[in-house]
2 protein chains.
Amino acid sequence: MLMTFQEQAKEAIRATGGRITGQRELLLDLIATHDEIDAEHLHRIAHQQDPTISLPTVYRTLHTLEDAHVITSRYISAEHERKLYRVPAKQDSTFHFTCRRCGQVIPFHSDLIEQIKQEIAARIDIELWTLCMCAGGLCPNCREER
Amino acid sequence: MLMTFQEQAKEAIRATGGRITGQRELLLDLIATHDEIDAEHLHRIAHQQDPTISLPTVYRTLHTLEDAHVITSRYISAEHERKLYRVPAKQDSTFHFTCRRCGQVIPFHSDLIEQIKQEIAARIDIELWTLCMCAGGLCPNCREER
DNA sequence: CTATCTGCAAACTTTTTGCATTGTA
DNA sequence: TACAATGCAAAAAGTTTGCAGATAG
């Protein structure tokens with residue numbers, strides 16, 4: 001009997017004395033249907049369904065969910081532009097190359113990321129919550145043009 | 001006959017029609033004597049030697065140097081903090097774990113980083129300028145306390 | 001002499017906070 | 001009916017830009 005992400009999240013919110021509001025339910029539904037999303041984008045699409053929802057509420061909800069370990073966050077661009085939030089299980093070993101000239105983003109999967117996580121865990125006694133890995137440089141096209 | 005970092009940098013600046021100003025010479029000297037430094041720190045120490053130097057000049061100089069491939073930049077913490085600049089050769093395979101509770105930064109070296117760089121290069125025909133890897137979670141102390 | 005650099009002040013982007021009000025449990 | 005959560009407006013933090021004046025080559 002699997003709990004949905006939304007149910008798990010609500011459980012986690014209640015567990016710490018938090019309350020389930022309409023805004024939070026809406027945000028949970030939207031997070032569940034997007035692989036990885038930033039606060040501003042989340043606010044934009046939430047706003048279409050509930051025009052009263054504010055950006056501070058989006059940020060506060062994301063922090064609440066992250067503190068409860070219901071979502072994780074990371075940057076995917078070397079410029080650390082917007083922080084992206086996601087359900088932990090999703091695309092854990094995918095990182096991104098961002099072209100510094102045209103801005104193109106190329107996703108990249110590597111098993112070495114899992115190995116690095118294990119290496120960290122083996123060497124320092126930390127609890128790893130997030131690992132962000134961002135590559136930057138010139139993409140094939142821009143490399144050719146210059 | 002090895003050129004110093006400063007001489008190389010000046011050469012690179014001149015090569016693109018740039019000019020060698022007192023501010024730029026001072027910044028180059030300071031960058032050369034620090035492993036990895038952020039704009040605000042660089043401005044602070046530069047300001048002690050030349051109180052007229054401004055933060056925009058520091059940023060503009062860092063961008064000029066980065067465009068000329070004389071320095072590289074990266075973030076070392078997964079939180080939206082400061083960008084760090086450095087001479088490319090320095091501590092290339094060191095990344096950092098930042099504790100989300102106490103802020104402690106634990107540097108961490110792994111040969112897997114070089115392997116990942118090679119894996120990227122082998123798979124996509126990119127020119128890799130920077131790779132940032134930021135780990136976050138609980139440090140040994142904070143993990144114990146909660 | 002002229003294009004590049006500079007400092008200053010102000011703008012910008014993303015994220016956070018104070019506060020009075022609303023709404024959940 | 002308490003205490004958590006909300007919206008608004010304003011602040012914060014890091015970085016960038018416009019502009020008029022200074023300066024390298």
Side-chain angles (χ1 to χ4, degrees), chain A residues 9-28 37-44 46-47 49-68 70-71 73-85 100 103 132 134 136, chain B residues 9-28 37-44 46-47 49-68 71 73-85 98 100 103 132 134 136:
Chain A
K10 289 185 199 172
E11 202 106 314
I13 290 171
R14 285 194 202 96
T16 58
R19 286 162 190 192
I20 310 302
T21 64
Q23 290 92 329
R24 287 180 173 187
E25 290 199 293
L26 171 56
L27 292 173
L28 286 174
I37 194 165
D38 65 69
E40 193 269 337
H41 184 194
L42 185 55
H43 176 245
R44 186 152 21 91
H47 200 263
Q49 259 144 288
D50 173 3
T52 74
I53 201 167
S54 72
L55 196 48
T57 290
V58 171
Y59 275 108
R60 283 190 272 232
T61 300
L62 288 170
H63 293 163
T64 300
L65 296 175
E66 199 175 6
D67 289 347
V70 164
I71 59 172
S73 69
R74 63 169 182 173
Y75 289 92
I76 68 163
S77 123
E79 303 309 306
H80 277 211
E81 275 137 17
R82 290 196 167 77
K83 201 177 214 174
L84 297 176
Y85 297 84
R100 288 226 171 151
C132 100
C134 315
Chain B
K10 289 184 201 173
E11 202 106 316
I13 290 170
R14 284 192 204 97
T16 59
R19 287 163 188 189
I20 310 301
T21 63
Q23 291 92 328
R24 286 179 173 187
E25 289 199 294
L26 171 55
L27 292 174
L28 286 173
I37 193 166
D38 66 69
E40 193 269 338
H41 184 193
L42 185 56
H43 176 245
R44 186 153 20 89
H47 201 264
Q49 258 143 288
D50 173 2
T52 75
I53 202 167
S54 71
L55 196 47
T57 290
V58 171
Y59 276 108
R60 283 190 273 229
T61 300
L62 289 170
H63 294 164
T64 300
L65 295 175
E66 200 175 5
D67 289 347
I71 58 173
S73 68
R74 63 169 182 174
Y75 288 90
I76 67 164
S77 133
E79 307 313 306
H80 200 156
E81 278 147 7
R82 291 193 163 81
K83 197 179 214 172
L84 296 177
Y85 297 83
T98 307
R100 287 225 171 152
C132 101
C134 314

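Naming: A, B, ... by sequence-line order, numbering from 1 per chain. Quick caveat: nothing in here was measured; it's all calculated off a predicted structure.
The CD1 atom of Ile71(A) lies 9.0 Å from the OG1 atom of Thr61(A); values are rounded to the nearest 0.5 Å.
In this view, Tyr85(A) satisfies the side chain to side chain donor-acceptor pair (under 3.5 Å) rule with no residue, not counting sequence neighbours. Applying the side chain to side chain donor-acceptor pair (under 3.5 Å) test to Glu40(B) and every residue at least two apart in sequence or in another chain returns Arg44(B).
Distance Asp50(B) CG to dT23(D) P: 12 Å, rounded to the nearest Å. Here the C1' atom of nucleotide dG14(D) and the OH atom of Tyr85(B) are 10 Å apart, to the nearest Å.
Comparing Glu40(B) and Arg14(B) by the nucleotide of DNA chain D whose heavy atom lies nearest to each, the residue mapping closer to the 5' end is Glu40(B).
Between the side chains of Glu66(B) and Ser73(B), a donor-acceptor pair is found at a separation under 3.5 Å.
Inter-residue side-chain proximity for Lys10(B) and Arg24(B) is flagged as unmet; no heavy-atom pair is nearer than 4.5 Å. Looking at Glu81(B) and His80(A), their side chains never come closer than 4.5 Å, going by heavy atoms from C-beta outward.
If you check residues 57-66 of chain A against DNA chain C, the residues with a heavy atom closer than 4.0 Å are Tyr59(A), Arg60(A), His63(A), listed by number. Heavy-atom distances under 4.0 Å link DNA chain D to Arg19(B), Ile20(B) of residues 15-25 of chain B, given in residue order.
Rotation axes derived from the C1' atoms of the five outermost pairs at either end of the helix from dC1(C)-dG25(D) to dA25(C)-dT1(D) lie 30° apart, to the nearest 10°.
Where DNA chain C meets chain B (any atom under 4.0 Å from a heavy atom), the bounding nucleotides read 5' to 3' are dA3(C) to dT15(C).
Using a 4.0 Å heavy-atom cutoff across all strands shown, Leu55(A) reaches at least one base atom of the nucleic acid.
Tested against His43(A), the residues Thr57(A), Ile53(A), Ile37(A) include a single side chain to side chain contact (heavy atoms under 4.5 Å, CB included) partner, Ile53(A).
With hydrogens and angles disregarded, no donor-acceptor distance shorter than 3.5 Å links the side chain of Arg82(A) to the backbone of Ala39(A).
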